[in-house]
Number of protein chains: 2
Amino acid sequence: MSEMSGNEPVKAQESGDSAEKKPQKVGRKRDHTRDEKILEAAIDILAESSFDGMTMDKVATRAKAGKATMYRRWSSKEQLVRDALAWMNRSHLDLEHLPDSGSLREDLLLLIRPQSIAEEERKLRVLAGLGSFLQHPEFADTGMAGIFDSWADANLQLMKRAAARGEIAEHANLELACWVITSTSAFRGLVERKPFEKTFYADLLDGLVLPALKNPKADSPIAES
Amino acid sequence: MSEMSGNEPVKAQESGDSAEKKPQKVGRKRDHTRDEKILEAAIDILAESSFDGMTMDKVATRAKAGKATMYRRWSSKEQLVRDALAWMNRSHLDLEHLPDSGSLREDLLLLIRPQSIAEEERKLRVLAGLGSFLQHPEFADTGMAGIFDSWADANLQLMKRAAARGEIAEHANLELACWVITSTSAFRGLVERKPFEKTFYADLLDGLVLPALKNPKADSPIAES
DNA sequence: TAGTTTCGGAACTTTACAGTTCCGTAATTA
DNA sequence: TAATTACGGAACTGTAAAGTTCCGAAACTA
């Protein structure tokens with residue numbers, strides 16, 4: 001969405017008082033197609049190693065860029081990684097063209113495309129290697145938001161339609177179900193380091209999520225011991 | 001369990017051929033109570049920062065130990081961290097004294113004790129900061145195994161008893177249910193960095209796990225598209 | 001007591017990396 | 001054409017941390 005933020009050279013110049021806002025610059029223009037190459041290289045190396053394993057020299061070499069070029073655009077490694085994470089999470093599922101097979105189970109499974117699996121697994125590898133970087137609370141959101149939200153949103157739409165047509169109980173906790181799907185899938189890739197397989201996903205749906213959605217009898221009160 | 005492994009000095013001495021295995025050594029004995037202090041300090045700092053934020057100097061200072069002492073016992077930072085992780089995961093729930101209230105929901109909730117919550121959250125902080133270290137597949141197991149296994153095992157016992165007394169369906173996928181509990185809880189602390197709260201756990205049980213266990217009608221075949 | 005190994009602590013060496021500067025070249029404007 | 005800015009690339013600086021070595025003191029054995 002917003003794209004970038006800590007860019008542009010230091011640009012700390014106030015030409016006196018009568019600043020007439022004339023940014024008509026002289027000299028060779030900055031090639032902004034290099035931005036993408038550098039961000040892509042950064043994500044690539046983050047996915048292969050980790051935040052600490054990603055050195056600025058590696059990124060520069062991978063992107064065939066000079067370090068001066070990088071530091072002309074980002075003032076630090078932290079800034080570069082922050083923008084690279086935003087860049088990584090730029091793609092979103094198209095909520096306008098969701099599957100509609102008439103079966104919630106089929107819809108949920110149809111959402112899983114091999115291409116998107118590989119993409120999400122790459123994001124998980126990046127996330128796994130972020131380590132100490134995520135300790136900055138400001139980056140915890142930047143790094144996380146957008147990785148799973150898109151998938152969870154799509155799943156929620158599918159569930160709401162299923163509820164509307166009476167396939168699942170209307171008082172089921174759909175948000176919880178979506179969160180369980182994304183968090184368990186993330187845990188599997190992030191911590192267990194297993195690939196996302198459709199058989200695993202089908203087991204999760206058949207063994208837990210769909211039964212709960214179809215029969216969510218809340219027979220237990222909220223007892224706080 | 002096994003405890004330690006990469007210890008002892010290099011000890012590469014073969015006294016000629018007639019090695020009569022006489023380990024009767026001379027000199028001051030190694031104080032193995034220092035091991036625990038050092039491992040504890042390492043885990044402490046791992047929990048506060050990360051693998052890369054944990055420096056050998058910090059550990060030495062925290063444990064009031066000399067670095068020479070540390071390198072006499074562990075040949076590298078990697079070795080120290082490996083043993084520290086094993087040390088961290090040494091405690092296990094007592095499977096012999098599980099709660100037995102007659103209600104699975106109550107039993108599962110009774111297993112959550114404030115003391116064990118704090119302990120597990122500390123482990124999660126350590127795990128979150130491991131980052132690049134976990135990329136070594138050999139450490140992925142060391143680091144992970146034992147953090148959640150104990151809790152999952154206890155939950156499985158409780159579920160099996162509930163199944164035996166007919167509280168839940170006997171053909172329910174208990175292992176899957178236990179795995180979902182641990183993986184979602186871990187995700188919450190590890191990625192979302194939220195504290196473990198009983199209300200969250202009760203919602204997970206009431207909204208998804210228990211309904212699924214009580215009504216696991218497998219109405220959908222395994223279709224591989 | 002003499003010799004050996006440990007201890008905590010500090011100084012030291014080495015390596016790796018973030019960030020800076022400079023080079024020759026290419027692009028842009030006046 | 002001349003001045004300016006960007007480019008890739010390489011050299012350079014400063015710092016942080018892993019690992020080593022040495023110190024004086026303590027603990028153990030013969």
Side-chain angles (χ1 to χ4, degrees), chain A residues 6-13 15 22-38 41-42 45-46 49-84 129 131-133, chain B residues 6-13 15 22-38 41-42 45-46 48-82 84 129 131-133:
Chain A
N7 269 15
E8 304 312 307
V10 184
K11 69 153 53 174
Q13 89 273 25
S15 52
K22 280 188 177 178
Q24 61 182 59
K25 298 165 191 170
V26 71
R28 180 171 174 173
K29 283 171 184 164
R30 192 172 290 183
D31 178 6
H32 278 279
T33 66
R34 308 303 296 131
D35 288 354
E36 300 188 7
K37 298 284 287 186
I38 294 169
I45 295 172
L46 281 176
S49 52
S50 63
F51 178 77
D52 298 278
M54 184 202 98
T55 69
M56 297 300 265
D57 284 276
K58 281 186 194 170
V59 175
T61 303
R62 180 82 56 106
K64 293 197 199 311
K67 286 212 289 179
T69 301
M70 294 168 59
Y71 279 100
R72 215 174 280 123
R73 295 154 197 243
W74 296 280
S75 60
S76 71
K77 177 180 174 181
E78 270 80 11
Q79 296 284 313
L80 170 61
V81 171
R82 184 169 53 70
D83 280 356
S132 59
F133 186 72
Chain B
N7 269 18
E8 305 311 308
V10 185
K11 70 152 52 176
Q13 89 274 27
S15 51
K22 278 187 179 178
Q24 62 182 57
K25 297 166 190 168
V26 73
R28 181 172 174 173
K29 282 171 186 165
R30 193 171 289 183
D31 178 6
H32 277 279
T33 66
R34 309 301 298 131
D35 288 354
E36 301 187 7
K37 298 284 289 186
I38 294 169
I45 296 172
L46 281 175
E48 292 171 7
S49 52
S50 63
F51 177 77
D52 299 277
M54 184 203 97
T55 70
M56 297 301 264
D57 284 275
K58 280 186 193 169
V59 175
T61 302
R62 180 82 56 106
K64 294 196 198 311
K67 285 210 291 179
T69 301
M70 293 169 59
Y71 279 100
R72 215 174 279 122
R73 294 155 198 241
W74 296 280
S75 61
S76 71
K77 178 181 173 180
E78 271 79 11
Q79 296 283 313
L80 169 61
V81 170
R82 185 168 55 68
S132 59
F133 186 70

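These numbers were taken from a predicted model, which means no experiment stands behind them. So that the names make sense, note that chain A is the first sequence line, chain B the second, and so on, each numbered from 1.
- Nearest to the side-chain atoms of Lys29(B) among the listed nucleotides dG19(D), dT29(D), dT21(D) stands dT29(D).
- Here dA26(C) is the nucleotide among dA26(C), dA25(D), dT21(D) with the atom lying nearest to any side-chain atom of Arg28(A).
- Protein atom NE2 of His32(B) is 14 Å distant from nucleotide atom C1' of dC28(D), rounded to whole Å.
- If Met56(B) and Ala65(A) are placed on DNA chain D by their nearest nucleotide, the residue sitting closer to the 5' end is Ala65(A).
- Looking at Arg34(B), its side chain does come within 3.5 Å of a backbone N or O of Ala63(B) through a donor-acceptor pair.
- Residue Met54(B) contributes atom CE, which lies 18 Å from atom P of dA16(D) at whole-angstrom precision.
- Nearest nucleotide to the Thr69(B) side chain, out of dG9(D), dT29(C), dG8(C): dG8(C).
- In this structure, Asp35(A) and Trp74(A) have side chains that are in contact, with non-hydrogen atoms separated by less than 4.5 Å.
- What separates NZ of Lys64(A) from P of dA26(C) is a distance of 18 Å, to the nearest Å.
- Atoms CG (Asp57(B)) and P (dT14(C)) sit 18 Å apart, rounded to a whole Å.
- If you check every strand for non-hydrogen atoms under 4.0 Å, Lys67(A) touches a base.
- Among the atoms of the strands shown, none is found under 4.0 Å from any heavy atom of Met70(B).
- For the pair Lys77(B) and Phe51(B), the cation-pi test (distance below 6.0 Å, angle within 45°) is passed.
- The distance from atom CD of Gln79(B) to atom P of dG19(D) is 10 Å, rounded to the nearest whole Å.
- Among the nucleotides dT5(C), dA18(D), dC17(C), the one closest to the side chain of Thr55(B) is dA18(D).
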Glu48(B) vs Lys58(B), salt bridge (charged side-chain N to carboxylate O under 4.0 Å, His left out): CA-CA, chis, key distance, verdict: CA-CA 12 Å; Glu48(B) 292 171 7; Lys58(B) 280 186 193 169; over 6 Å; no

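- Residue Tyr71(B) contributes atom OH, which lies 15 Å from atom C1' of dG9(C) at whole-angstrom precision.
- Considering only heavy atoms from C-beta on, Val81(A) stays 4.5 Å or farther from Glu78(A) through its side chain.
- Taking 3.5 Å as the limit, the base of dA6(D) and the side chain of Arg30(A) contain no donor-acceptor pair of atoms between them.
- Atom CZ in Arg72(A) sits roughly 13 Å away from atom P in dG9(D) (whole-Å rounding).
- In this structure, Phe51(B) atom CZ and dA17(D) atom C1' are separated by 12 Å, rounded to whole Å.
- In terms of position on DNA chain C, the residue among Thr61(B) and Gly27(B) whose nearest nucleotide sits closer to the 5' end is Gly27(B).
- Residue contacts for Ala60(A): at a heavy-atom cut-off of 4.0 Å it reaches no nucleic acid atom on any strand shown.
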